[in-house]
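Working notes, beginning with the structure itself.
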2 protein chains.
Amino acid sequence: MQLNDTFSALADPTRRAIVARLARGEATVGELAAPFDISLPAISRHLKVLERAALISNVRVGKHRRCRLRPEALTGAQDWLEFHRRFWTGSLDRLAAHLKTSPRTKK
Amino acid sequence: MQLNDTFSALADPTRRAIVARLARGEATVGELAAPFDISLPAISRHLKVLERAALISNVRVGKHRRCRLRPEALTGAQDWLEFHRRFWTGSLDRLAAHLKTSPRTKK
DNA sequence: CGATGAATTAACTTACTGGTTATCTAATGC
DNA sequence: GCATTAGATAACCAGTAAGTTAATTCATCG
């Protein structure tokens with residue numbers, strides 16, 4: 001389930017920080033790991049989670065591995081949020097309209 | 001951490017379904033539980049997670065408890081997604097511009 | 001008041017997550 | 001070929017999450 005993976009990937013602050021970092025440009029695993037004081041294997045697994053969610057991709061260049069964001073990845077989550085937010089502000093509008101149309105039809 | 005709560009709340013398909021249902025209008029806990037074949041306590045706890053994420057609120061009406069979505073709740077997550085998506089398509093644009101400006105400055 | 005019905009809380013189980021250290025793989029440089 | 005360096009995998013541990021059934025709260029109805 002793609003949305004599951006996306007949302008749960010983004011639920012972790014370390015992973016969001018990694019995404020934020022990558023939004024500013026590509027980076028190697030080591031560069032990504034540097035700001036955090038957790039072990040490299042931990043970072044490696046975070047990256048794997050992000051990969052499984054299709055949020056990043058990586059390519060081997062020499063002995064480094066260069067990571068980048070995948071532009072299309074966030075759209076699924078964004079669309080979901082957008083759809084439901086609009087839908088229900090829509091309902092609120094309808095409610096407001098209803099209250100306006102039938103002012104004191106209490107009970 | 002608000003974004004944590006929001007994203008992890010939305011990471012669960014049952015909770016997303018509940019949000020989707022509520023986007024179409026208020027409902028009692030029992031009504032929300034009906035479509036699922038999990039126990040009521042399980043639903044109750046899902047609702048609590050959604051509450052903690054400020055995605056829903058509820059009010060007691062008689063012996064029922066009526067739930068509704070909170071319009072402002074999704075915006076935090078949405079803003080985060082929007083910001084980073086734009087930022088990094090921005091970087092891609094800059095990359096494209098760079099490639100265009102200096103066509104074959106290879107290595 | 002006592003019974004019923006809606007929902008939460010408690011206690012428990014199982015599975016997953018995020019971290020660790022230690023080991024392994026693969027590419028570079030001498 | 002061997003040492004070094006970047007990174008991934010393995011094995012393990014502690015905390016959290018999601019589900020269950022049983023017990024509890026709270027409001028209505030008779």
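Letters A, B, ... mirror the listed sequences (proteins, then strands); counts begin at 1.
Sequence order on DNA chain C of the closest nucleotides to A:Ile43 and B:Leu47 puts B:Leu47 first from the 5' end.
Under 4.0 Å is where a charged nitrogen must lie from a carboxylate oxygen, and between A:Glu51 and A:Lys48 no such pair does.
Remark: the backbone N or O of A:Ala20 is paired with a side-chain donor or acceptor of A:Arg24 at under 3.5 angstrom.
Using a 4.0 Å heavy-atom cutoff across all strands shown, B:Ser8 reaches no nucleic acid atom at all.
B:Ala53 and B:Gln2 get closest at one heavy-atom pair: O-NE2, 3.0 Å.
Regarding B:Ile38, its CD1 atom lies at a distance of 8 Å from the C1' atom of D:dG19, rounded to whole Å. Atom-to-atom, CZ of A:Phe36 to P of C:dG19 comes out at 10 Å; the value is rounded to the nearest Å. Atom C1' of nucleotide D:dA17 and atom CG of A:Asp12 are separated by 15 Å, given to the nearest angstrom. One interatomic measurement links the two molecules: NE2 of B:His46 to C1' of D:dA18, which rounds to 6 Å at whole-angstrom precision.
Listed pair B:Arg15 / D:dA18 meets the phosphate criterion, a side-chain N or O lying under 4.0 Å from OP1 or OP2. In this structure, B:Lys48 does not reach the C:dA7 phosphate: none of its side-chain N or O atoms is under 4.0 Å from OP1 or OP2.
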Every protein N/O lying under 3.5 Å from an N/O of nucleotides 21-24 of chain D:
none

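Interface residues of residues 51-65 of chain A facing DNA chain D, ordered by number: A:Lys63, A:His64, A:Arg65; criterion, heavy-atom separation under 4.0 Å.
A side-chain donor from one of A:Gln78 and B:Glu82 sits under 3.5 Å from a side-chain acceptor of the other.
You'll find the side chain of B:Thr6 stays beyond 4.5 Å of the side chain of A:Phe7, heavy atoms only.
Just one residue in the list B:Leu55, B:Asn58, B:Leu32 forms a side chain to side chain contact (heavy atoms under 4.5 Å, CB included) with B:Leu47, and that residue is B:Leu32.
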